[in-house]
Amino acid sequence: MPELPEVETVRRGIESLVVGRRISSVTVGRERSVRRVGREAVIHGLTGTTVTTAGRRGKYLICYLESGDRMMIHLRMSGRVLIHPPDHPRPPHTHVVLTLEPDSREARRSVTHEFRFVDPRTFGEVVVYDPIDERDVLPELGRLGVDPLVDHFDDDVVWRLLHPRRRAIKALLLDQHVIAGIGNIYADEILHRAGIKWDRLASSLSRERVSRLRQSVTSVLNEAVAAGGSTLQDTQYVDVEGETGWFQLDHRAYGRGGLPCLTCGKTTITRVVTNGRSTCFCRICQR
DNA sequence: AAACAAACCTGTGCGC
DNA sequence: TGCGCACAGGTTTGTT
């Protein structure tokens, strides 16, 4: 579910509601959500400490702790972070709960809250680790590609990344080792706005078209972050306060198979399935 | 190098 | 109303 804009929205929520507040207790319901390091490491690593900074790379959330350790959260398909008062009913599939002490300096932090990691499909995870062990515990972090909003991301960078590769452009956009943070929704939106068909080989695109693609990546992701991400019909994705995003109202391709193309108005959006993943695009606008 | 399938899980929506 | 099946935002691993 959550891609870069949704994860960034969660990161901002943690920044405003969690950073600086002591974690007084930790409970882990489902071991699977902490499978990487185990229940004890998560409980001992978090109890009594404080999140000092909330960071993100691609779809990985990384909270820096006062103890020197770090907490990595990946939401995968169905994970959510919710920050609510203890008397607010815990949703089903609440697997990890951190109790946050009040912070009298700010009204919305002045009472106890629970930081809840909720995840029906349990693909997501919470990892607490010493940064010295990062390479061993989270080897995939070291293999992440450039983050379009965190790293330097200009036409030259994107050209060098894409042009050498004889691979369908959508597959490259989705490849977290190349560019980190884009998933199925935003890949379709980015390609639609760039006017590029999903199966074009990256090596066949001109510098001008790669430049247009880079602009599309930047503008779509920034606009989506500004809108608080995309919440689809099932309302799976919400921010830490339970609010939906709004970028789905600006979708022009994703989920619009059979509906008119809002850009050209001359045809309908085509939906194809490859590798069990759906792709929506316009046969006229995208070539 | 790249394409593809399967695996990890649960919930939802659809057709019958 | 109930049942079975297809399908869903991600990522890794293994096979062609």
Side-chain angles (χ1 to χ4, degrees), chain A residues 1-10 29-36 56-61 72-81 91-96 117-127 136-145 147 161-191 198-204 220-221 224-225 227-239 244-248 250-251 253-258 271-280:
Chain A
M1 152 184 114
E3 306 180 25
L4 187 153
E6 291 76 30
V7 177
E8 174 60 17
T9 302
V10 170
R30 189 143 172 184
E31 184 89 30
R32 183 171 153 74
S33 297
V34 297
R35 56 192 174 278
R36 184 115 38 158
R56 180 191 60 74
R57 264 195 81 75
K59 300 167 193 167
Y60 293 77
L61 265 173
M72 190 288 290
I73 298 175
H74 200 302
L75 305 173
R76 283 302 217 289
M77 295 286 268
S78 61
R80 290 152 72 170
V81 170
H93 309 290
T94 299
H95 303 314
V96 181
F117 177 75
V118 179
D119 187 14
R121 291 175 74 177
T122 68
F123 291 164
E125 52 179 332
V126 176
V127 180
D136 298 319
V137 180
L138 293 166
E140 66 266 47
L141 273 186
R143 303 189 212 111
L144 273 189
D147 183 297
L161 246 23
L162 302 185
H163 185 252
R165 318 206 51 171
R166 295 185 68 79
R167 209 176 155 194
I169 186 63
K170 180 172 176 181
L172 276 176
L173 290 180
L174 289 174
D175 188 337
Q176 304 300 301
H177 310 301
V178 180
I179 298 174
I182 299 170
N184 208 35
I185 294 176
Y186 294 101
D188 281 1
E189 293 304 311
I190 287 163
L191 288 170
W198 65 278
D199 58 353
R200 286 293 302 261
L201 292 187
S203 53
S204 77
V220 166
L221 294 179
V225 169
S230 301
T231 299
L232 306 184
Q233 301 89 309
D234 55 20
T235 314
Q236 280 267 358
Y237 167 73
V238 288
D239 70 13
T244 68
W246 298 102
F247 194 71
Q248 66 281 5
D250 288 324
H251 289 181
Y254 181 84
R256 301 197 71 254
R271 178 176 181 272
V272 296
V273 177
T274 350
N275 308 347
R277 316 213 66 189
S278 70
T279 292
C280 295

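The sequence lines fix the lettering, A, B, ..., with proteins before strands; numbering per chain opens at 1. Keep in mind it's a predicted model, so treat the numbers as computed, not measured.
Residue His177(A) places none of its side-chain N or O atoms closer than 4.0 Å to OP1 or OP2 of dT11(C). For the pair Arg167(A) and dA3(B), the criterion of a side-chain N or O lying under 4.0 Å from OP1 or OP2 is met. Applying the 4.0 Å criterion to OP1 and OP2 of dA8(C), one finds that Ser278(A) has a side-chain N or O inside that range. In this structure, His74(A) does not reach the dG10(C) phosphate: none of its side-chain N or O atoms is under 4.0 Å from OP1 or OP2. The phosphate of dC9(B) has OP1 or OP2 within less than 4.0 Å of a side-chain N or O from Arg32(A). Taking side-chain N and O atoms only, Arg121(A) has no distance below 4.0 Å to OP1 or OP2 of dA7(B). The phosphate of dT11(C) (OP1 or OP2) has no side-chain N or O of Arg143(A) nearer than 4.0 angstrom.
Across all non-hydrogen atoms, the minimal contact from Ala180(A) to Leu4(A) is O-CD1, 3.8 Å. Shown here for His251(A) and Arg256(A), the closest heavy-atom pair between the two residues is O-CD, 3.4 Å.
Using a 4.0 Å heavy-atom cutoff across all strands shown, Gly276(A) reaches sugar-phosphate atoms only and no base atom. Using a 4.0 Å heavy-atom cutoff across all strands shown, Arg271(A) reaches sugar-phosphate atoms only and no base atom. Here Glu140(A) lies in heavy-atom contact (under 4.0 Å) with sugar-phosphate atoms only. If you check every strand for non-hydrogen atoms under 4.0 Å, Tyr254(A) touches sugar and phosphate atoms only.
One interatomic measurement links the two molecules: CZ of Arg76(A) to C1' of dC9(B), which rounds to 12 Å at whole-angstrom precision. In this structure, Arg277(A) places its CZ atom 14 Å from C1' of dA6(B), rounding to the nearest Å. Spacing between atom CD of Gln236(A) and atom P of dG10(C) amounts to 13 Å, rounded to whole angstrom units. Here the C1' atom of nucleotide dG10(C) and the NZ atom of Lys170(A) are 13 Å apart, to the nearest Å. The separation between Ile179(A) atom CD1 and dG10(C) atom P is 15 Å, rounded to whole Å. Taking atom CD1 on Ile73(A) and atom P on dT11(C), their separation rounds to 15 Å, with Å as the unit. The nearest whole Å value for the distance from the CD atom in Glu6(A) to the P atom in dA8(C) is 17 Å. Spacing between atom CD of Glu31(A) and atom C1' of dC8(B) amounts to 16 Å, rounded to whole angstrom units.
Partner assigned to dC9(B) is none, using Watson-Crick or G-U wobble distances below 3.5 angstrom. As the counterpart of dA1(B), no nucleotide is assigned, since no Watson-Crick or G-U wobble pattern has both distances under 3.5 Å.
dA6(C) and dA5(B) are spaced 15 Å apart, taking the P atom of each and rounding to whole Å.
If you check dG10(C), dT11(C), dA2(B) against the side chain of Met77(A), the one that comes closest is dG10(C). For Arg30(A), taking side-chain heavy atoms from C-beta onward, the closest of the listed nucleotides dC9(B), dA2(B), dT11(C) is dC9(B).
The 5' end of DNA chain B is approached more closely, in terms of each residue's nearest nucleotide, by Pro164(A) than by the other of Pro164(A) and Gln233(A).
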- Task: Start with the C-alpha distance between Asp175(A) and Arg167(A), add both sets of side-chain angles, then the distance that settles side-chain contact (heavy atoms from CB on, under 4.5 Å), and finish with yes or no.
- Result: CA-CA 11 Å; Asp175(A) 188 337; Arg167(A) 209 176 155 194; 2.9 Å; yes
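Here the CG-CD distance, from Leu138(A) to Glu125(A), works out to 7.5 Å after rounding to the nearest 0.5 Å. Annotation: the span from Trp198(A) atom CH2 to Arg277(A) atom CZ amounts to 12.5 Å, rounded to 0.5 Å.
Here the side chains of Arg271(A) and Ser278(A) are in contact, with some heavy-atom distance below 4.5 Å.
With centroids closer than 5.5 Å and planes inclined by less than 30 degrees as the test, Phe123(A) and the base of dC8(B) pass as a stacked pair.
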